[in-house]
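Data first, discussion second: the structure below is written as structure tokens.
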Amino acid sequence: MRTSLCLLVLCGAALADSRAADAALYQAMRQYHGVLRSGGDAGIDGVRDLIVANLKEASPKYRKSILNQLDMGFNKKYGERDIHFYQCLAEGMAAGGKQGIAKVYRRYKSSLKKEAICIAIAEALGECGDEEALSTLLKISFDKRPDVASVAVTMCGKYPKVKVKERKATMRKLIDLYNKVSSDAAGKDRESPQMRMYLKMKPALDKTLSALSGGEQLDSSQAWDACLRENITKDWEE
């Protein structure tokens with residue numbers, strides 16, 4: 001009986017939280033559609049803040065609606081906006097957990113011709129603080145554009161406390177990427193696309209690998225490869 005009462009109390013509290021979140025998000029959406037109609041960007045920061053604070057607690061159907069409405073803001077029929085506007089939309093969507101992060105990644109894939117939006121999406125995934133974003137950032141790290149890929153790699157470093165198994169797997173993929181860009185750039189002119197990619201990626205890779213490894217300071221793909229091979233079977237701090 002006591003267990004049942006506890007469950008009822010918890011369910012009631014969760015329902016109350018959901019209703020409060022839905023109410024806050026309703027206000028956010030009213031403001032959001034006002035921003036869309038205005039053709040400007042004023043007020044989008046407040047919209048983002050309300051969404052980030054409440055989206056995970058919202059009822060599932062309402063959360064899905066919010067994500068769809070935010071994604072709609074990328075549509076060119078609403079006019080070109082400052083990149084900060086799109087950054088706020090991506091940050092709001094990324095606050096929706098696994099569902100929101102998947103939505104953000106689909107938006108990245110449909111915005112490949114717009115480099116600035118792809119960079120904003122990578123930054124939003126890094127700043128959202130949800131470890132679900134790490135695997136998505138890893139995919140974007142393999143973008144062929146140096147500015148996009150380097151930002152995604154840097155944002156991977158925002159998640160140094162994920163489970164050890166995932167950290168090791170992430171490091172393995174980033175080191176493979178490091179090996180590739182290093183090999184591609186070998187012997188190339190400084191102005192070549194391959195060297196530009198390497199010069200952009202190297203500091204981002206070193207910094208992120210350091211964060212994921214718990215503070216190792218190395219400066220080449222070979223050194224990182226050797227370090228991971230030496231430590232892959234050892235216990236790491238969670």
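We use all heavy atoms of the structure for the numbers below, so side chains are in, but hydrogens, waters and symmetry mates are not. We count residues from 1, following the sequence as given. The model shown is predicted, which means the values in this text are computed figures rather than measured ones.
By the 4.5 Å heavy-atom criterion applied to side chains, Met72 and Leu36 are counted as neighbours. With a 4.5 Å cut-off on side-chain heavy atoms, Trp224 and Glu216 count as touching. Between His33 and Gln69, some side-chain heavy-atom pair lies under the 4.5 Å cut-off. The side-chain heavy atoms of Met93 and Phe74, taken from C-beta on, include a pair separated by under 4.5 Å. Residues Gln194 and Val181 fail the side-chain proximity criterion, which asks for heavy atoms closer than 4.5 Å. Side-chain contact between Leu174 and Leu138 is present, with at least one heavy-atom pair separated by less than 4.5 Å. In this structure, the side chains of Cys118 and Tyr86 stay at 4.5 Å or more apart for every pair of heavy atoms. A heavy-atom distance below 4.5 Å is not found between the side chains of Lys114 and Ile83.
Within the 3.5 Å criterion, the main-chain N or O of Ala223 finds a donor-acceptor partner in the side chain of Ser220. Here the side chain of Ser18 pairs no donor or acceptor atom with the backbone of Ala58 at under 3.5 angstrom. Under a 3.5 Å cut-off, the side chain of Thr208 and the backbone N or O of Leu205 do not form any donor-acceptor pair.
Residues Ala211 and Pro160 share a closest heavy-atom pair of O-CB, 3.5 Å. Across all their heavy atoms, Met155 and Tyr159 have their closest contact at O-CD1, 3.7 Å. Nearest approach of Ala122 to Val151, heavy atoms of both residues: CB-CG1, 3.9 Å.
Taking CD1 from Ile117 and CG from Leu112, the interatomic distance works out to 11.0 Å, rounded to the nearest 0.5 Å. Atoms NZ and CG, on Lys103 and Leu70 in that order, are 9.5 Å from each other to the nearest 0.5 Å. Interatomic distance, NZ of Lys173 versus SG of Cys156, reported as 10.5 Å (0.5 Å rounding). Interatomic distance, CG of Asp22 versus OG of Ser59, reported as 3.5 Å (0.5 Å rounding). Between the OH atom in Tyr178 and the CG atom in Leu218 there is a gap of 9.0 Å [rounded to 0.5 Å]. Summarising the geometry, atom CG belonging to Asp71 is positioned 8.5 Å from atom CG belonging to Leu89; distances are rounded to the nearest 0.5 Å.
Between the side chains of Glu166 and Thr170, no donor N or O sits under 3.5 Å from an acceptor N or O. No side-chain donor from either of Lys168 and Asn231 sits under 3.5 Å from a side-chain acceptor of the other. Defined by atom type and a distance below 3.5 Å, a donor-acceptor pair is present between the side-chain atoms of Gln217 and Ser210.
Among residues at least two apart or in separate chains, side chain to side chain donor-acceptor pair (under 3.5 Å) pairs with a member in residues 142-157 are Tyr108-Asp143, Asp143-Arg145, Asp147-Lys200. Listed by first then second residue, pairs satisfying side chain to side chain donor-acceptor pair (under 3.5 Å) with a partner in residues 182-192 read Lys180-Asp184, not counting sequence neighbours.
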Donor-acceptor list for residues 47-55 side chains, cut-off 3.5 Å, not counting sequence neighbours:
residue : atom : partner : partner atom : Å
Arg48   : NH1  : Asp45   : OD1          : 3.4
Arg48   : NH1  : Glu91   : OE1          : 3.2
Arg48   : NH2  : Asp45   : OD1          : 3.3
Asn54   : ND2  : Leu50   : O            : 2.8

Which atom pairs, donor and acceptor, lie under 3.5 Å between side-chain atoms of residues 125-137 and protein residues at least two apart or in another chain?
residue : atom : partner : partner atom : Å
Glu127  : OE2  : Lys158  : NZ           : 3.4
Asp130  : OD1  : Glu132  : N            : 2.9
Asp130  : OD2  : Lys56   : NZ           : 3.1

query: After noting the C-alpha distance and the side-chain angles of Tyr26 and Met29, does the key distance pass the side chain to side chain contact (heavy atoms under 4.5 Å, CB included) rule?
result: CA-CA 5 Å; Tyr26 174 75; Met29 285 299 98; 5.8 Å; no

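Seen from the ring of Tyr105, Lys139 counts as a face-on cation partner, given the 6.0 Å and 45° thresholds.
Contacts of Arg196 classified as side chain to side chain contact (heavy atoms under 4.5 Å, CB included), with partners at least two apart in sequence or in another chain: Pro193. Taking Tyr32 as the reference, nothing meets the side chain to side chain donor-acceptor pair (under 3.5 Å) condition, with sequence neighbours excluded.
The side chain to side chain contact (heavy atoms under 4.5 Å, CB included) test with Met171 is passed by exactly one of Ile232, Leu228, Asp225, Asp176: Leu228.
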